[in-house]
Amino acid sequence: MHSHHDRPATAVCNSPRISRPQHGFSMVELLVTIVIAGIVFAAMVPFFANALNATSRDAERNDAQNIAVDRIEQVRLLPYASITQPNLNYSPSPPLPFGDNRFGPVYTVASGAIFDIAYVVEAQPDAQKVTVSVARQGSGPGSGHTTTLSTVVKNPAPNVVVATAGPTPTSLPTENLSITASFKNWTQVVVGSSKGCFWTRVAADTGQVVTSTHLWPDASNQKVTWTGLTGGANYTYTVSCYSSKWQSGNTPFVSPPFHLLKSARLKFDTNPGGS
């Protein structure tokens, strides 16, 4: 008796292999990239060189500016009599010891750049104008550019002015002068022989006091005028007017005293603080 064992059938599928792409650059691609990058960097070299030169040029011009400012400040610290062109441009040693040897024709900064310095001193009335010019030596980025600054140093010696008095004027009129007074509201001037308006004159040489007759305006002449007066520096005038709007019992308005060297014109506010 034979026994039979059932074996499962095995299905064999032959499917094609799926190929995966290979990542990375080939040698040709890498060489092309290097060549392109080299061309780009080579084109940018002049740009970087120009930027570096510009930076160096600005730095050296800034040095020149700082040197010029420092020299201007040092000039202002010198005694006024020492501010001369030979003193400032001394070489190799100053004719007089001054300025702590801060002056002279050249200056070397920490970077080693050497700058030429020139001073021009121009005399002005009671002052000295000093012009400082600074330029870099050699052919560096900052050469060819000159920085110039100026300052004016006043003479500290006091100025003495002698004034002489001129002759007393004789052409000013002192006779037949007049005073005219006008008003904000002529109707408010109090009418009466002891009111109205009047002037008081004091002669300084004699102290004599003179009071004029009283006048007042009316509809036909809304001003008052005194004529035929005597004036001059020795005569002081004061004009007074009574107003009906004055609140303290007809106390007159009084103008400031003045010297009548020519005809005068005064204006009175007959209602101060009112409408």
Side-chain angles (χ1 to χ4, degrees), residues 25 29-167:
F25 294 101
E29 292 173 330
L30 184 59
L31 289 176
V32 170
T33 301
I34 292 174
V35 170
I36 293 175
I39 294 173
V40 172
F41 288 138
M44 295 181 66
V45 167
F47 172 79
F48 288 117
N50 290 336
L52 183 60
N53 285 335
T55 301
S56 299
R57 181 170 59 251
D58 291 342
E60 292 188 357
R61 289 184 177 182
N62 186 59
D63 287 341
Q65 179 75 17
N66 290 338
I67 293 171
V69 170
D70 177 72
R71 291 303 178 271
I72 288 290
E73 294 300 324
Q74 295 301 326
V75 165
R76 299 189 67 87
L77 294 176
L78 290 174
Y80 184 77
S82 297
I83 302 176
T84 65
Q85 196 159 303
N87 278 2
L88 300 180
N89 290 294
Y90 67 79
S91 178
S93 59
L96 295 173
F98 71 97
D100 296 331
N101 294 329
R102 292 178 180 271
F103 299 94
V106 294
Y107 182 81
T108 304
V109 297
S111 64
I114 301 175
F115 291 83
D116 291 323
I117 307 174
Y119 302 87
V120 176
V121 180
E122 302 172 75
Q124 296 186 347
D126 298 319
Q128 297 275 37
K129 180 181 179 181
V130 181
T131 301
V132 181
S133 298
V134 181
R136 188 190 184 280
Q137 288 185 2
S139 58
S143 61
H145 173 77
T146 301
T147 298
T148 302
L149 294 179
S150 297
T151 185
V152 174
V153 183
K154 291 288 187 179
N155 187 349
N159 294 324
V160 178
V161 178
V162 179
T164 57

Would you say the side-chain atoms of Arg76 pair up with the backbone N or O of Val152, donor to acceptor, closer than 3.5 Å? yes

Identify the two heavy atoms, one from Tyr80 and one from Val153, that lie closest to each other, and give their separation to 0.1 Å. CE1-O, 3.5 Å

Does Leu78 reach the side chain of Gln74, with side-chain heavy atoms less than 4.5 Å apart? no

Val120 versus Gln85: any side-chain heavy-atom pair under 4.5 Å? yes

What distance do Ile67 atom CD1 and Tyr107 atom OH have between them, rounded to the nearest 0.5 Å? 6.0 Å

Looking at every heavy atom in both Ile83 and Gln128, which two are closest together, and how far apart are they? O-NE2, 3.6 Å

Working to the nearest 0.5 angstrom, can you tell me the gap between Gln65 CD and Asp70 CG? 12.0 Å

pair Asn62-Asn66: side-chain heavy atoms closer than 4.5 Å: yes

Kindly compute the distance separating OG1 (Thr147) from CZ (Arg71), expressed to the nearest 0.5 Å. 13.0 Å

Within-4.5 Å side-chain heavy-atom neighbours: Val130 and Thr151: yes

To check you understand the geometry: which heavy-atom pair defines the closest contact between Ser150 and Ile72, and what is its length? C-CD1, 4.0 Å

With a 3.5 Å distance limit and no angle check, can you tell me whether Asn89 reaches the backbone of Tyr119 through a side-chain donor-acceptor pair? yes

Shortest non-hydrogen separation from Ala68 to Val132 and the atoms involved: CA-CG1, 4.4 Å

